[in-house]
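Reading through the structure tokens given below for one structure.
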There are 2 protein chains.
Amino acid sequence: MCVAGKSSTKRKILELGESLLQRLGYNGFSYHHIAQELGIKNAAIHYHFPTKEALGIEIVQRTRTRFTKWVNHPENRVKPVRQQFDWFINSYSYNLKSQHRVCLIGSLATDYYTLPPSMQSVINELTDEIQKWMARLLDHGRQSGVVDFQGSSQDKAVCILSSLTGSLQLARLLGDDFFYRNIKQIYLDLNFTY
Amino acid sequence: MCVAGKSSTKRKILELGESLLQRLGYNGFSYHHIAQELGIKNAAIHYHFPTKEALGIEIVQRTRTRFTKWVNHPENRVKPVRQQFDWFINSYSYNLKSQHRVCLIGSLATDYYTLPPSMQSVINELTDEIQKWMARLLDHGRQSGVVDFQGSSQDKAVCILSSLTGSLQLARLLGDDFFYRNIKQIYLDLNFTY
DNA sequence: GTCTATACCTTGATAGAC
DNA sequence: GTCTATCAAGGTATAGAC
């Protein structure tokens with residue numbers, strides 16, 4: 001037992017599960033993958049997560065908690081738009097560098113209609129939260145003259161989030177450069193003043 | 001037997017397989033799905049496609065053939081840039097309208113590391129061909145003054161392809177409007193002169 | 001070309017000992 | 001918390017009759 005948070009094993013399962021989910025897809029990884037890599041048995045995982053669904057939900061909620069915490073942290077809320085934007089972009093670059101993971105949302109989106117409804121719900125909420133945050137950030141940036149672009153902030157946010165999701169996936173087929181080209185173009189099209 | 005092309009059943013399997021692949025992912029559909037929906041038995045599918053890998057490859061190659069044929073057709077090659085671009089965009093809209101399919105490439109990209117190497121190859125080739133075509137189209141469009149954008153044609157192509165791939169997926173979570181907002185923004189950012 | 005029957009494997013999940 | 005043992009279900013694939 002671990003008083004302050006999850007037991008070591010539980011945390012390891014969550015982290016590896018997240019990695020596998022992003023590397024192989026929800027239907028592409030199994031408890032066996034986890035068991036083998038952690039040197040434990042199938043049943044041990046079921047002790048921490050009774051069902052695969054339960055594991056999946058906690059993986060998503062963990063990501064959401066991380067995002068919400070960062071975004072709402074007083075220190076970060078007052079950061080320049082550029083810095084907040086960079087932080088978000090970097091989280092995608094991190095995925096690319098970590099064995100070419102695709103983003104959690106994209107991974108679950110392609111498997112969406114094979115997922116239990118409970119998982120569909122949590123991934124919806126996460127995505128909605130990110131979308132709204134990005135639209136607000138762009139709007140704020142434009143009003144303060146830091147960025148410039150055509151159209152509504154929401155449409156621009158949609159476009160950027162989509163291309164981040166997609167480029168992480170296509171980079172698997174066409175090479176890392178595909179992702180970095182996309183990033184470059186995104187920054188170019190935002191006309192940052194500094 | 002069917003002299004001019006595939007037997008009726010084989011074609012039905014291919015079409016349904018493509019649909020299932022784009023709706024449920026490569027690891028999310030099985031021969032049982034196909035058998036049930038077509039009212040045939042498991043073994044009948046194996047007669048036409050000895051392995052799932054063989055089926056997957058032919059689905060991808062069919063898509064590639066369709067693309068190559070359209071793009072290289074003399075009639076289409078001389079079409080205005082705008083019309084060629086619209087055709088491509090519409091093929092994505094069609095996926096959205098067809099039970100929220102994601103694009104074939106995006107679907108296989110998330111499952112990429114669980115796929116047999118032979119499938120990885122064909123999907124790579126398809127994607128590369130599309131990417132190059134799009135870059136050429138944008139380049140041609142800019143030189144003839146039909147579109148205007150910042151940066152290289154290749155980077156812009158990467159950005160557009162990525163966002164199309166991603167928005168089709170995220171529209172499953174956040175609604176069809178997500179996809180259409182992306183389309184709107186893409187056109188806006190290209191500054192078509194007509 | 002399609003069927004029945006079946007082999008074999010992987011998967012998610014449970015029971016009960018330690 | 002972790003193990004052994006086991007299960008039922010579902011997956012791909014094959015053999016052979018029709």
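Heavy atoms only: backbone and side chains are in, while hydrogens, waters and symmetry mates are out. Letters A, B, ... mirror the listed sequences (proteins, then strands); counts begin at 1.
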Open item on the list: Below the 4.0 Å mark, does dT2(D) have OP1 or OP2 next to a side-chain nitrogen or oxygen of Y47(A)?
Closed with: no
Open item on the list: What's Y31(A) touching, base or sugar-phosphate or nothing? Going by heavy atoms closer than 4.0 Å.
Closed with: sugar-phosphate
Task: Value in whole Å for how far the P atom of dT10(C) lies from CD1 of I34(A) - done: 17 Å
- [ ] Could you tell me whether F49(A) contacts a base, only the sugar-phosphate backbone, or nothing, with contacts defined as non-hydrogen atoms closer than 4.0 Å?
- [x] nothing
Open item on the list: It should be established whether T51(B) places a side-chain nitrogen or oxygen under 4.0 Å from OP1 or OP2 of nucleotide dT12(D).
Closed with: no
TODO: Test the K10(A)-F49(A) pair against the cation-pi criterion, namely NZ or CZ under 6.0 angstrom from the six-membered ring centroid and within 45° of the ring axis.
DONE: yes
- [ ] Verify the distance criterion only: is there a donor paired with an acceptor across the side chains of S118(A) and E53(A) at less than 3.5 Å?
- [x] yes
Open item on the list: Heavy atoms only, 4.0 Å cut-off, all strands: where does K52(A) land among base, sugar-phosphate and nothing?
Closed with: sugar-phosphate
- [ ] Kindly point out which of dT12(D), dG1(D), dG12(C) is positioned nearest to the side chain of H48(A)?
- [x] dG1(D)
Open item on the list: From OH of Y26(A) over to C1' of dT11(C), roughly how many Å is that when rounded to an integer?
Closed with: 12 Å
Open item on the list: Tell me whether the side-chain N/O atoms of S30(A) come closer than 4.0 Å to OP1 or OP2 in dT10(C).
Closed with: no
Open item on the list: Starting the side chain at C-beta, find the nucleotide from dA13(C), dA15(D), dG1(D) nearest to H46(A).
Closed with: dA13(C)
Open item on the list: Here's a test of your reading of the structure: between P50(A) and H32(A), which maps to the more 5' nucleotide of DNA chain C?
Closed with: H32(A)
Task: Donor + acceptor pair across side chains of Q120(A), N124(A) (<3.5 Å) - done: no
- [ ] Starting from P on dC3(C), measure out to CD1 on I40(B) and report it in whole angstrom.
- [x] 7 Å
- [ ] Rounded off to whole Å, could you give me the CG-to-P distance for the N27(A) and dT10(C) pair?
- [x] 17 Å
Open item on the list: Any side-chain N or O of T9(B) below 4.0 angstrom from OP1/OP2 of dG1(C)?
Closed with: no
Open item on the list: Measure CG/L38(B) against C1'/dC3(C) and give the value in whole Å, please.
Closed with: 16 Å
Open item on the list: Checking contacts here: which listed nucleotide (dT2(C), dA13(D), dT14(C)) is nearest the side-chain heavy atoms of N42(B)?
Closed with: dA13(D)
Task: Whether W133(B) and W87(B) hold their rings parallel, tilted or perpendicular, with breakpoints at 30° and 60° - done: perpendicular
Task: Nearest-nucleotide pick for K41(B), side chain only, options being dA13(C), dC3(C), dA13(D) - done: dC3(C)
Open item on the list: Does K52(A) qualify as a cation-pi partner of Y26(A), given the criterion of NZ or CZ under 6.0 Å from the six-membered ring centre and within 45 degrees of its axis?
Closed with: yes
Task: Distance in angstrom units between I45(A) CD1 and dT14(C) P, rounded - done: 14 Å
